[in-house]
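Below is one structure; the comments refer to it alone.
Computation of the quantities below employed the complete heavy-atom set of this structure, encompassing side-chain atoms and omitting hydrogens, waters and symmetry-equivalent molecules. Letters A, B, ... mirror the listed sequences (proteins, then strands); counts begin at 1.
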Protein chains: 2
Amino acid sequence: MSPVSNPRVILSSRPTGYPVPGKDITYDSARTIDPTTVELNGGFLTKTLWLSLDPYLRGRMDEEKRYAPNWAIGDTLDNTGIALVVRSEVPVLPVGAHILGPLPFEAYTVHSASAASGFQVIDNKEGVPLSTYLGVLGMPGETGWYGLEEYGECKPGESIYVSTGAGQVGSVVAQLAKSKGLRVIASTGSAAKVAFLKSIGVDRAFNYNTSSVAEELERFGGIDIYWDNVGGKMLETAIEYMHPNGRLIICGMASEYNHEERYGPKNLAQFIYRRLKMIGFVVNELRPKYVNTFYATAPGMVGRGELKYSEDVFEGLERVGEAFVVMLQGRNLGKVVVRVAQE
Amino acid sequence: MSPVSNPRVILSSRPTGYPVPGKDITYDSARTIDPTTVELNGGFLTKTLWLSLDPYLRGRMDEEKRYAPNWAIGDTLDNTGIALVVRSEVPVLPVGAHILGPLPFEAYTVHSASAASGFQVIDNKEGVPLSTYLGVLGMPGETGWYGLEEYGECKPGESIYVSTGAGQVGSVVAQLAKSKGLRVIASTGSAAKVAFLKSIGVDRAFNYNTSSVAEELERFGGIDIYWDNVGGKMLETAIEYMHPNGRLIICGMASEYNHEERYGPKNLAQFIYRRLKMIGFVVNELRPKYVNTFYATAPGMVGRGELKYSEDVFEGLERVGEAFVVMLQGRNLGKVVVRVAQE
């Protein structure tokens, strides 16, 4: 085999607000690689098949330090993805295996031997689409599952409001909550997503662009749990409708990621009057406690159609910038994934 | 005995901001009572000795419903106090007993038999001043003690910031935290209170009117626990200096009680990045779990001078309105109590 193109996607400047494709996020096709001859030095060579795009990546584009490492200007983006092992000098990652782990946004990658421990082999006994391991069976699904298990203190008959309920995290929260006997109200940003929410069985779905969150929560009779992916005014409204001893699980604050002007809820004194509890978390800290149960349970549920999901597939690394904007603006219908290559 | 005056204090109109004595809170001396002949109907007659004033009472003056019942216009104020049993048809509350419980703001009160269960007899084996049962040994002390025990998750070497540390709640939190091996930074509103904070052994005390909270917390190296009695901008600053996995215990939001314009912290996204937890509570829900340990431990500590306190005594029901304003404006040095009568 002669050298082939090894395109990649880099952070070319720090965005303010939404990243601009071609300015902040750039597709770079200058490099080549020869997959048959490139030196492995004890490591392994992968061909990228799928890459995940997740809202938290927006924070990595900023200078301000958050919980995930920031990218420097010129860095190749990276995130969880699925790859095919093409050549390998690492016994636990044999040629032909599908592996899940941290991948640069590029077509081919040579990994050192020490990187092997960051990957898991997907055996996929259930035969579900591989890309689900980036969504409903990946970090977003784990986030919803682990967070609700750990902090929900769910009791049958209680009610939960899931903001951005049609997202990959929110839709897992909504379905897990239903399976625990909760009444579920969920909001999303379009009629198509409202239809998706109805299809996964929530009790009440509404479009927050056309309905009043306050009126919806009032009519629903208030809530015991708020799953927050939005922050700001949405959080303030949710606090207003919390029942005593309610729990607020802060999973994301999409309203805060892209705006210079942040909004602070003015009704935090309700935390005293109603004995509320608010918890922020990241999935990694909960993984050790729940990961085995999750992977013993959730893939089968997906295979049998008991845990539903929705995906937006973008074809090719060239479309990463566009996919970012769609995701950050909430214009996607399901989980945003990039198909980098067919096998 | 012939009839004697039975003065009281009533809510005469709903305040905006600080209550105005004589307009919102009125001393009414029109009524009389004959303590020797008044009908008890199976109940008991008390002479009020001490009344407690607490910031949460401000909320009861509003129309907006909170966790404690609101007063109607014309209602006699009421709160925890200490009384002497003058006559009694209730065997468990004998004549001469000092009892602690809910009392109207009046000189003499006839209680029904069913009210007896709301009172406890103070046996005071330790011989501490009776009024301490309204402060360091009463609801404020219980609040600080129970809240820190339940939600602090204190580990030796961690650090805590106590806002309004010289208050009765805050000073108990600060001293209990020190006894658990924490580093304690505390703020208050005057030089005299800073001196009190130093006298109870906090590591760093400062006046938030003359020092920058941010600079103080920065220099202290950040905090693991924030005990909030203030809310608003103070809460926002504290969030900025929380260590990962920090706990924010919301006990009061003094900045919110008297202002029409409320301030909402704009940095709640830090809850995700730093995995923070914020909890609001009221003491009543924690009392069953901790009350026995508290009364087996704390009175002895007060008697031996190991748990220090400070009191501001106002003499006479006539001064209730003035005492309220002093307390709500934070001009008191210690716990605000009203001495209604000598025995």
Side-chain angles (χ1 to χ4, degrees), chain A residues 55-56 58-60 62 64-68 70 143 147 150-151 228-236 239 242 244-286, chain B residues 55-56 58-60 62 64-68 70 143 147 150-151 228-236 239 242 244-286:
Chain A
Y56 88 98
R58 175 62 188 80
R60 298 184 62 188
D62 289 341
E64 189 189 342
K65 204 173 146 22
R66 302 241 170 81
Y67 60 89
N70 302 79
T143 301
E150 179 76 7
Y151 302 116
D228 188 22
N229 274 312
V230 177
K233 295 213 179 202
M234 180 86 88
L235 174 56
E236 181 175 85
I239 291 171
M242 295 302 295
N245 299 306
R247 289 82 70 192
L248 299 98
I249 306 174
I250 309 299
C251 174
M253 290 206 171
S255 71
E256 311 293 290
Y257 296 147
N258 298 293
H259 300 285
E260 292 301 309
E261 263 307 304
R262 292 175 177 167
Y263 182 82
K266 297 185 197 296
N267 54 354
L268 297 185
Q270 296 301 329
F271 272 71
I272 310 168
Y273 308 138
R274 307 189 195 180
R275 291 87 70 199
L276 304 179
K277 182 154 62 173
M278 181 164 94
I279 298 136
F281 77 102
V282 291
V283 64
N284 293 346
E285 299 194 337
L286 299 178
Chain B
Y56 89 97
R58 175 62 187 79
R60 299 184 61 189
D62 289 340
E64 190 188 340
K65 204 173 146 22
R66 302 241 169 82
Y67 60 89
N70 303 79
T143 301
E150 178 77 6
Y151 302 116
D228 189 21
N229 274 312
V230 177
K233 295 214 179 201
M234 180 85 90
L235 173 58
E236 182 175 85
I239 290 170
M242 294 301 296
N245 299 308
R247 289 81 71 193
L248 299 99
I249 307 174
I250 308 299
C251 173
M253 290 206 170
S255 72
E256 311 292 290
Y257 296 147
N258 298 293
H259 300 285
E260 292 301 309
E261 262 306 303
R262 291 175 177 168
Y263 183 81
K266 297 184 196 298
N267 55 354
L268 297 184
Q270 296 302 330
F271 272 71
I272 309 168
Y273 306 140
R274 307 190 194 179
R275 291 88 70 201
L276 304 179
K277 181 155 61 172
M278 181 165 94
I279 299 136
F281 78 101
V282 290
V283 64
N284 292 347
E285 298 194 339
L286 299 178

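- In this structure, chain B has heavy atoms under 4.5 Å from both the backbone and the side chain of Ile250(A).
- At a 4.5 Å heavy-atom cutoff, the contact between Asn245(A) and chain B is made by side-chain atoms alone.
- For a residue to count as touching a neighbouring chain, one of its non-hydrogen atoms must lie under 4.5 Å from one of that chain's; by this rule Glu236(A) does not touch chain B.
- Each of Met278(A), Gln270(A), Arg247(A) has some count of heavy-atom pairs under 4.5 Å with chain B, and the biggest count is that of Met278(A).
- For Ile279(A), the side chain to side chain contact (heavy atoms under 4.5 Å, CB included) partners at least two apart in sequence or on another chain are Tyr151(A), Lys277(A), Lys277(B).
- Atoms CG and CZ, on Leu248(A) and Phe271(B) in that order, are 10.0 Å from each other to the nearest 0.5 Å.
- Two residues are said to be in side-chain contact when any heavy atoms from C-beta on lie closer than 4.5 Å; Arg262(A) and Asn267(B) fail this criterion.
- Of all the heavy atoms in Leu235(A) and Leu268(B), the pair that sits closest is CD2-CD1, 3.7 Å.
- Note: Ile272(A) CD1 to Asn229(B) CG = 8.0 Å, rounded to the nearest 0.5 Å.
- A distance of 8.0 Å separates NZ of Lys266(A) from OH of Tyr263(B), quoted to the nearest 0.5 Å.
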